[in-house]
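Everything numeric in this text was worked out from a predicted model, so none of it was measured.
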Amino acid sequence: MNEATQTVETAPAPSNPPANALAIHPLRRILNSTATWVFGIDIILMLVFGVISPDGAFLTSQSFQALGLDAAEALLLATGIALLLGAGEIDLSLGSNLLLSSVVGAKLIVSFGAGSTGTATILGVLVCLAVGATVGVVNGLIVTRLRVASLIATLATLGIASGIANIVAGGSDITGLPQVLQTDFGIKTELGIPLPAFVAFAVWLITILLFKSTRYGMRLLALGSNRGAAQRSGLRVDLHLVLLFGLVGTFAGLAGFIDLTRFATTNLAGHTNDGLAAITAAVIGGTSLFGGRVSLAGVLSGTMLAVILQDGLIVIGLSPFYQLIAIGVVLVAAVSLDQHRRPGGLRSRLLR
Amino acid sequence: MSSAAQQAPVLAARNIGKSYGHVRALHNVSLELYSGEIVALFGDNGAGKSTLTKCLCGVEQPDEGYLETPQGQVTLRSIRDAESIGFTTVHQDLALAPDLSVLENMFLGREILASDWRRHLAIVSRREMAKQTQAALEDLSINLPSVRVAVSDLSGGQKQALAVARAAMWSSAGILMDEPTAALGTRQSDIVCDLICSTAERGLAVMVISHDILRILNIAHRVIVLRHGQIALEKRISETSQREVIDAMVGYDERVRELET
Amino acid sequence: MVRPKTLAAAIAALAAAAIPAMSGVASANAATTPYKITFVSALVNDSYFVTIKCGAEVEAKKLGVDLTWTGPTSNSAAQEIQTVTEESLTNPDGMIIAPFSNTGFSGVVSELMKKGVPVVASGEKLTPPDALTTFITDFKVGGNSLASTVTKLTGGTGTMAIVADTTGNTTDSDRFTGLIPILHKEDPNLTILSPQYANNSSATAATVTSALITGNPDLKLVYASTGPEAVGAASAIAAAGDTSKIKLISFDSSPPQITLLKEGKLAASIAQSPFEDGELTVKKVYEYLKAHPNGGPVKASSSVNYTPQYELTPADIHGKKALSYEYLTSCKNAPKSTV
């Protein structure tokens, strides 16, 4: 046995960078991240659309308000899905969850009649959140108890929740919701910010704070980074997953309530794309599909990208068919630029 | 390091046996691990090394015999049970989360919470965890550039060192190490061996399973060789040689060409 | 002793007498077992189609028809074709299909017609015209009838936007393709933007409409081709605070659209008559089956039967006629019959 204690030198293996290069200045790390790049693309697009649009209409406060309002529900869903992806799971059912929550909430509010709008609204919010959480917990239980991969499990609940929503709604969209929901919340702005956007942004901000500073944020990443390691650290993996699915479902429930306040009705046939759009926004912003890496800043920039594109192309008067092409091109460009910039990129993560 | 005879073993296996179906993986295996001692466990493929390790770390339970600590007989049904008697394990895959930092890997599942009101929100204190991680690493003379870098940015040797340091931090009695040098180059392997010695010097009982006979013999106090699920050799390092070890592994009486340079 | 030849002749005579009698009994039985008619709708959760269902059920009950109602819960031609194929395996006597798109159904429809199962199309003209006949609103007439309303609401100047539903669907595009040239002639100073598509999503319609508002400062009128688009557009117009400046017109009279009319947020909407459509289609299949008891391949025809429409406005929304054109969410309060 070698008696002399030697320091473990930072001996670099051939495929890794020298150790002293690892302590990257935090500012450089932010500048180099995917989220920042997508923010950059967002700003460039906004400037381009602003210049091309008549009288710079795209850069008016009314335009920004519309962007914020359009992004509110999507931001909630994308925030939730980023957390799930970080933990190594996925959820395709968010759109149906949103729908079911909105349907049950609408039924409840309508049943209260004209007199007690205040009570009806409060209970409506609670019901939307509760239904959202329930669908989420069901997803979590299917994954942990029945050991079904989350891709398949949530594909199933996507259909099941939609079916239940249609049954509860009784065959067509629900009407009779009090107008105040729309006028006092759904389309109302306070200090220039639409209230739904304010709520979604607040939820996003709180999520970032909790994710970065609590042990649950740390554990969530461990679940996605190396599930086996997380298990061997003694974490109660199943419990964590069920609670996480439930939390994400609650986000969808909140989005469902916002949907009700914006339109004063449900939209049974209109939420089929929501889940995939949320995943796209999160992944473009830098959250990894494979787990272990979450970018909540990227969730915001990715969501904004989708809304800016959809809005901006119409504002500048591009025909809808060219819009589809333009959106596709921007998506590919954004993702490939990101791959290019990162050494190894997707491949290195797959080889890990 | 006091002589083995005066101390009770921190962990002992008494005549344990384990079968998988009709295959006898272990038969009548007894061994003792003492504080501050490095025990090398050798054996050819299929000799029962991994089964024995699993029985000692709680992943499997022996069909015959039992495990014993100074407190008496124990049954280990999980890794947590093993940890509760003070034993941690460093598996071959290291069980590190690559996206998490060094300090986060160190404290995963045992996070240090902030000391003020924020602990009610389960807010962690990375500063405190960094401090303690740094201290633990220094204690074992491990020099990493920063405890805040992601594990995926470390070299193979650094990752191994971290895994050992983590096992040492959370164990109070001993550490089981499965092939600690298997994935490393020569220089890194030497460094990890020094680390293993440091760990034992702190008073832990260490058992190392390895194919790297030459290198591990260099640091071990005692050698155990398994063959066909039974103990073929158990001697103090001073009383045996590499040749004897290899002969015991393969069961030949005639000399065998050395496998390691 | 009966001679074999005589016995054979006797048996033959008996058989010859029995067969017509038996088939007589059989056809009498056929007349009393109700016809099985299956209605495959483009959507089952849309008030327009629910109203068709109510009308179809009323007529089915009157005629003693066994009616099955089914269809997908989201806009998908592929899914609906699959449903039609599956339903055809249950051997209905007749089928009514409200196809989601003009094309794609000809394979399955012509197969059914060849097998002797009459297929009536509702709400969509099939290309090629493989069905027995088609019952449809004259969308062109309905859309065109909005011309005077458009002129009134815009004063003939400014910009008009169209928020449509899906591409490649004449049931959607007919609502405005005839209107546009009329407006070009009548209101040459009115700019009409090319249609944007919202695919039945009110959220998409809201996004689209708010972008149109941003991009067209002199936007005066939005024409939404159906319910969710009207709901989304109304929300965006209200959010922009421009309810007084920007008017909304639409096609269809789903309950949310009725609400918008009552609140004055929708200036006019062309209502179809789905209840009557349901009654007429069931009646048509029944009459065909009755007239052709022996089956045989059904002859396809490009004939079209137009069902009435009516322009609803906030002024007459509470009237009796308007009531009869409102789409239903359930058949509880359905009228007894309109045919």
Quiz item: How close do B:A95 and A:A229 get, heavy atom to heavy atom, and via which atoms?
Solution: O-CB, 3.2 Å
Quiz item: Looking at B:I216, B:I237, B:I196, B:V124, which one has more heavy-atom pairs under 4.5 Å with chain A than the rest?
Solution: B:V124
Quiz item: Relative to chain A, which of B:I79, B:L121, B:L137, B:L96 shows the most heavy atom pairs under 4.5 Å?
Solution: B:L96
Quiz item: Got a donor-acceptor contact below 3.5 angstrom from the A:S225 side chain to the B:D99 backbone?
Solution: yes
Exercise. Just give me the residue among A:Q231, A:K212, A:R236, A:R215 that pairs up with chain B most often, heavy atom to heavy atom, under 4.5 Å.
Key: A:R215
Exercise. Report the option among A:L223, A:N226, A:L235 that has the most heavy-atom pairs separated by less than 4.5 Å from atoms of chain B.
Key: A:N226
Practice problem: Evaluate the criterion side-chain contact (heavy atoms from CB on, under 4.5 Å) for residue pair A:M218 and B:N105; output intermediate values, then yes/no. | Solution: CA-CA 9 Å; A:M218 223 170 92; B:N105 268 280; over 6 Å; no
Practice problem: With a 4.5 Å cut-off on heavy-atom pairs, point out which of B:R126, B:R118, B:R119, B:R148 contacts chain A the most. | Solution: B:R126
Self-check item: Spatial distance of atom OG1 (A:T214) from atom CD (B:E111) [nearest 0.5 Å]
Solution: 9.0 Å
Quiz prompt | Heavy-atom neighbours of B:R202 CZ exceed 12 at 6.0 Å | solution = yes
Self-check item: Test item: B:D93 and A:R232 side chains (from C-beta on) under 4.5 Å apart, heavy atoms
Solution: yes
Quiz prompt | B:R80 side, atom CZ; A:S233 side, atom OG - distance, nearest 0.5 Å | solution = 7.5 Å
Quiz item: Is it the backbone or the side chain of B:E83 that comes under 4.5 Å from a heavy atom of chain A, or both, or neither?
Solution: side chain
